[in-house]
Amino acid sequence: MKHEGWTKSGWRAFPARQQPVWPDAAVRDETLGELSKLPPLVFAGESRTLRGQLAEAAEGRAFVLQCGDCSEDFSRCTGPDIRELLKVILQMSVILTYAGEKRVIKIGRFAGQYAKPRSSDTEMVNGEEIPSYRGDMVNSPDPTREARTPDPRRMLEGYYRASATLNLVRAFTRGGYAALDSVQSWHRQSLNLLPASQKYEELARQIRKTISFMTAIGFDTNTPQLNQATLYTSHEALLLDYEEALTRQDSTTGDWYDCSAHMLWIGDRTRQLDGAHVEFLRGVHNPLGVKIGPDYDIDDIKRLVIKLNPVNEPGRLTLITRFGTERIETCLPPLVRELGREGFKVIWSCDPMHGNTYQNDFGQKTRNFDDILNEIRTFYRISSAEGSNAGGVHLELTGESVTECTGGSRQLLDHDLRLNYQTNCDPRLNAEQSVELAFELAELLLA
Ligand code: PEP
Ligand code: MN
């Protein structure tokens, strides 16, 4: 597929929303020059493999688990933080694979999820209007004018931290940590006695028994399938300066890839048909996601799907809906029906986080576990009634024992959130809530 009239800097002629105003153009240009010479973070062939696997998900033969932080934090780019996140993703993936009996494609919101869209350019702090926090690759969350002034050198820092994160993820997933016979030890290291815990122990026991059985009948269990895992990377392709600098031409095919991550998505606020983000992403060959909130226009979405995937190739495009548990009932059916009628081959993924955010009486942004679960359940029910396929979920979670979302089997209440509220941006499920959600999802996959 060639993209007529596309160049990696062509987006500059289109209106680009949500971009920082860099205070010093010379430092920006110098930084971008440096970034564009640094090695790609991922290899085009890997993105192609992912695209092939996603084509399976578009046909209902695989399931996509996309998850991680709302916004990665430079100061949490540490070995233990990365290990804990990886552990919870692997746990969820084992639960879902066992229940669904199909491949679970694991895509992290990590190694580059450093730029955030904001509803307002500025905020008032102690009577002073200062720039909003736009992600660690742009400015610092500290509430001072100086810390909030965008600094282009942060893009370079983001690149190096993304590369350190990816390096450790590759080491863990290739070096034995992801071996299936470790499922029990991943669990023991982290979770306490919750209802989900017993289910998990039972699942781990069954997997161990299956592996022992295979060994007993002479199967070589020393295979990569049992001992390694593949985790792909993704982030919102928001900061176009950074994305352009990491975009390279693949030497094998001559196609362009944004080598900052395997998969990129366009946020609900930057998916304008004639905007810079769509212009940029239409020309790269990575698999793409598009977030769709409740205020969509159906004709707009159809044009967007055609623009981003003109040859209707399965695996290229994932539509990630984020309507909220109240509005999904009215927003999802016409969308899947209409796109299905047109024969568009897309993967439908449910983001049950972004439509369910509210502010509690203590002024904290939070989400309730039951709202999240209900949106996923409704997504499945509608998909099945409309004959479309519920291809995946898109979640914000962490491996840490934070208290940012209410509910779950510990029944966290609004006033409990003060205990360990860490996020710089949106509230995330903690490790326990995530594993619990995976078991609930497993029931849906079994149904
Ligand atoms: C996000 O995924 O963190 C986000 C900002 O989502 P959306 O574009 O759906 O609002
Ligand atoms: Mn978010």
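We count ligands from 1, going down the list as the structure has it; atoms in each ligand are counted the same way.
The aromatic rings of Y200 and F439 lie perpendicular to each other, with more than 60° between the two planes, well past the 30° mark.
At a heavy-atom cutoff of 4.0 Å, ligand 1 is contacted by no atom of S71, backbone or side chain. At a 4.0 Å heavy-atom cut-off, ligand 1 touches R109 through the side chain alone.
Under 4.0 Å is where a charged nitrogen must lie from a carboxylate oxygen, and between R103 and E56 no such pair does. Taking the charged nitrogens against the carboxylate oxygens, E313 and K345 have no contact shorter than 4.0 Å, which rules out a salt bridge. In summary, D241 and R12 engage in a salt bridge, as defined by a charged side-chain N under 4.0 Å from a carboxylate O. Salt-bridge check for D121 with R118: failed, with every basic side-chain N at 4.0 Å or more from each acidic carboxylate O. For E46 and R170, the salt-bridge test passes: some basic side-chain N is under 4.0 Å from an acidic carboxylate O. Between E396 and R428 there is no salt bridge, since no side-chain nitrogen of the basic residue lies less than 4.0 Å from a carboxylate oxygen of the acidic one. A salt bridge does not link R154 to E157: none of the charged side-chain nitrogens sits closer than 4.0 Å to a carboxylate oxygen.
Near E396, the atoms of ligand 1 lying under 4.0 angstrom from a non-hydrogen atom of the residue are 1 (C), 2 (O), 3 (O). Residue R269 approaches ligand 1 through these ligand atoms, each under 4.0 Å from one of its heavy atoms: 5 (C), 10 (O). Of all the atoms in ligand 1, the ones that sit under 4.0 Å from a non-hydrogen atom of G267 are 8 (O). Within the listing of ligand 1, atoms 5 (C) sit less than 4.0 angstrom from a heavy atom of P117. Below 4.0 Å from some heavy atom of C70 lie the following atoms of ligand 1, by number and element: 3 (O).
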Q: Go through E375 and N356 one step at a time and tell me if the side chain to side chain donor-acceptor pair (under 3.5 Å) criterion holds.
A: CA-CA 9 Å; E375 182 163 353; N356 292 315; 3.0 Å; yes
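In terms of N/O distances under 3.5 Å, ligand 1 is approached by H354. For ligand 1, the polar-atom distance check against Q113 finds no nitrogen or oxygen pair separated by under 3.5 Å.
Scanning the protein heavy atoms around atom 3 (O) of ligand 1, the nearest turns out to be K116 NZ, 2.7 Å. When hydrogens are left out, the protein atom nearest atom 8 (O) of ligand 1 is D268 N, 2.9 Å; that is the closest non-hydrogen contact. Looking only at heavy atoms of the protein, atom 6 (O) of ligand 1 is closest to K291 NZ, 2.8 Å. The closest protein non-hydrogen atom to atom 10 (O) of ligand 1 is R322 NH2, 2.8 Å.
The angle subtended at the Mn ion (ligand 2) by NE2 of H354 and OD2 of D426 is 90°, given to the nearest 10°. The OE2 atom of E396 and the SG atom of C70 meet at the Mn ion (ligand 2) at an angle of about 90°, given to 10°.
Taking the ring centre of Y114 as origin, the terminal cationic atom of R161 falls outside the region bounded by 6.0 Å and 45° from the ring axis.
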